[in-house]
Undergrad: 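This is the structure I have questions about; it appears just below.
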There are 2 protein chains.
Amino acid sequence: MSAHAHRELTKNQALVFGSLSDAGGPLTAYAILDLLREDGFRAPLQVYRALDKLVEFGMVHRLESLNAFVACSHKDCTGHGSAAFAICEKCGDVREFTPDDAVGLLKNWTESQGFALARTTIELRGTCKGCVASG
Amino acid sequence: MSAHAHRELTKNQALVFGSLSDAGGPLTAYAILDLLREDGFRAPLQVYRALDKLVEFGMVHRLESLNAFVACSHKDCTGHGSAAFAICEKCGDVREFTPDDAVGLLKNWTESQGFALARTTIELRGTCKGCVASG
DNA sequence: CTGTTTATGTTATGTTGTAACACAGATAGC
DNA sequence: GCTATCTGTGTTACAACATAACATAAACAG
Ligand SMILES: [Zn+2]
Ligand SMILES: [Zn+2]
Ligand SMILES: [Zn+2]
Ligand SMILES: [Zn+2]
């Protein structure tokens, strides 16, 4: 478990967030379900409902290209600007960062088109430094 | 049907690409399957195998946040730099563009981290100009 | 204390994507 | 010609991801 104690999570939300924090990396909803069976979880909806709230709170991010979820890398995070993720295809490591400059340029484009931007998905696939070195 | 005639597609590849071109927007694999049943398609693998090749050729893009596929908006396209997509959540319209400037900044970040970038997923969700006006 | 909201539990179902195996056609080498 | 190999195809079965529908319970405002 860790951080984010300032928000009162429900029991299920706390269990799901704890799983993701402990994992230190992305987990699928069904992987979380298996981790939490000993805590009484029985059905995928228990996980998905908690994840929906945690994503809404900004404490968890969804990785669209992995169909997985990851705890925000910021301590005591209650939400921040558009995040991006560098995903290593060798080792599965995920690094979160906040490319405000690139997002600004994307936002410029949407504004020039009259498109009202609500949220962004930016996921970079490749090979991390460690895996490049070892492979 | 349309364009891309310079590449020799197999029968199934041509049928799948034709469906996507005719649709003028994103389709899920199963939607394509239903469209092609009258052409003899019976199983999802027939669609997925064709889509894999079309994506490899750069003629079709996968939209991760929709679990859907869309024909490249460029005529006679055999592949191009990193594409991005603005997806209207009201009407479902998808606009493809190529934000070289923003991708350059993202690439700068990956290089500073020793991350070998292979490909990008950039999907912007929001409301298109027409839907903003009418809503 | 009653109507409303939020969270939860449970069953069943819907949607998206692959594994495994069999077969057909092209084609390159002998 | 006749194999070996590669690519594309067809089919069944299954795995993985996500939600609908309905019931119950706790929290809380009027
Ligand atoms: Zn974050
Ligand atoms: Zn790695
Ligand atoms: Zn394109
Ligand atoms: Zn629209």
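Protein chains get the first letters and strands the later ones, always in sequence-line order, with residue 1 at the start of each. Worth saying up front: this structure is predicted, and the values here are computed from it rather than measured.
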Undergrad: Taking Arg49(B) first and then Asp52(B), would you say they form a salt bridge - that is, a charged N and a carboxylate O separated by under 4.0 Å?
TA: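 Result for this pair is no, no salt bridge flagged.
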
Undergrad: Would you mind telling me which of dG17(C), dT16(C), dA7(C) lies closest to the side-chain atoms of Thr10(A)?
TA: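 Within the option list, the nearest is dA7(C).
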
Undergrad: How is Ala29(A) classified with respect to the nucleic acid when contacts are heavy atoms under 4.0 Å: base, sugar-phosphate, or nothing?
TA: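 No contact at all - Ala29(A) keeps every heavy atom at 4.0 Å or more from the nucleic acid.
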
Undergrad: For Gln13(A) and Leu54(A), work out which heavy atoms get closest and say how close.
TA: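 The answer is O-CD1, 3.8 Å.
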
Undergrad: Does a donor on one side chain and an acceptor on the other come within less than 3.5 Å for Thr121(A) and Glu64(A)?
TA: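 Side chains of Thr121(A) and Glu64(A): no pair found under 3.5 Å.
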
Undergrad: For Tyr48(A) and dG9(C), what is the distance between atoms OH and C1' respectively, to the nearest whole Å?
TA: 17 Å

Undergrad: Which heavy atom in Phe17(B) sits nearest to a heavy atom in Ala71(B), and how many Å separate them?
TA: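 Nearest pair, atom of Phe17(B) first, then Ala71(B): CE1-CB, 4.1 Å.
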
Undergrad: To the nearest angstrom, how far is Leu66(B) atom CG from dG17(C) atom P?
TA: 11 Å

Undergrad: Distance check needed: dT11(C) P versus Leu33(A) CG, whole Å only.
TA: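 Leu33(A) atom CG is separated from dT11(C) atom P by 13 Å.
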
Undergrad: Which word best sums up how the rings of His80(A) and His74(A) line up, parallel for under 30°, tilted for 30 to 60°, or perpendicular for over 60°?
TA: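 Perpendicular: the ring planes of His80(A) and His74(A) meet at over 60°.
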
Undergrad: In whole angstrom, what separates Gln46(B)'s CD from dG17(C)'s P?
TA: 17 Å

Undergrad: Separation of Leu36(A) atom CG from dT8(C) atom P, in whole Å?
TA: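 After rounding, the gap between these two atoms is 12 Å.
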
Undergrad: Determine whether Leu117(A) and Leu106(A) satisfy the following criterion, side-chain contact (heavy atoms from CB on, under 4.5 Å), listing intermediate values before the conclusion.
TA: CA-CA 9 Å; Leu117(A) 181 61; Leu106(A) 293 170; 5.7 Å; no

Undergrad: Do any side-chain nitrogens or oxygens of Lys11(A) fall under 4.0 Å of OP1 or OP2 in dA7(C)?
TA: no

Undergrad: Base, backbone or nothing for each nucleotide of nucleotides 19-28 of chain C, written B, S, -, heavy atoms under 4.0 angstrom, 5' to 3'?
TA: BB--------

Undergrad: Before you tell me yes or no, could you show the steps for Leu35(A) and Leu27(A) under side-chain contact (heavy atoms from CB on, under 4.5 Å), namely the whole-Å CA-CA distance, both residues' side-chain angles and the distance that decides it to 0.1 Å?
TA: CA-CA 10 Å; Leu35(A) 288 171; Leu27(A) 293 175; 3.8 Å; yes

Undergrad: Using heavy atoms to find the nearest nucleotide of DNA chain D for Asn67(B) and Arg42(B) separately, return the residue whose nucleotide is more 5′.
TA: Arg42(B)

Undergrad: In whole angstrom, what separates Leu51(A)'s CG from dA7(C)'s P?
TA: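 Taking atom P of dA7(C) as the reference, CG of Leu51(A) is at 14 Å.
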
Undergrad: Would you grab the first and last nucleotide of DNA chain D (5' to 3') that comes under 4.0 Å of any non-hydrogen atom in chain A?
TA: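 Footprint of chain A along DNA chain D, 5' to 3': dC17(D) to dA21(D).
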
Undergrad: Which residue, Pro44(A) or Ala50(A), contacts DNA chain C at a nucleotide closer to its 5' end, judged by nearest heavy atom?
TA: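 Nearest nucleotide further toward 5': that of Ala50(A).
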
Undergrad: Check this for me: does the side-chain of Tyr30(B) come within 3.5 Å of the base of dG14(C) through a donor and an acceptor?
TA: no

Undergrad: Is Val16(B) close to Phe69(B) at the side-chain level, that is, under 4.5 Å between some pair of heavy atoms?
TA: no

Undergrad: Please confirm whether the backbone N or O of Trp109(B) pairs with a side-chain atom of Ser112(B), one donor and one acceptor, at under 3.5 Å?
TA: yes

Undergrad: Provide, to the nearest angstrom, the distance between the CG atom belonging to Asp52(A) and the P atom belonging to dA7(C).
TA: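 Answer to the nearest Å: 11 Å.
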
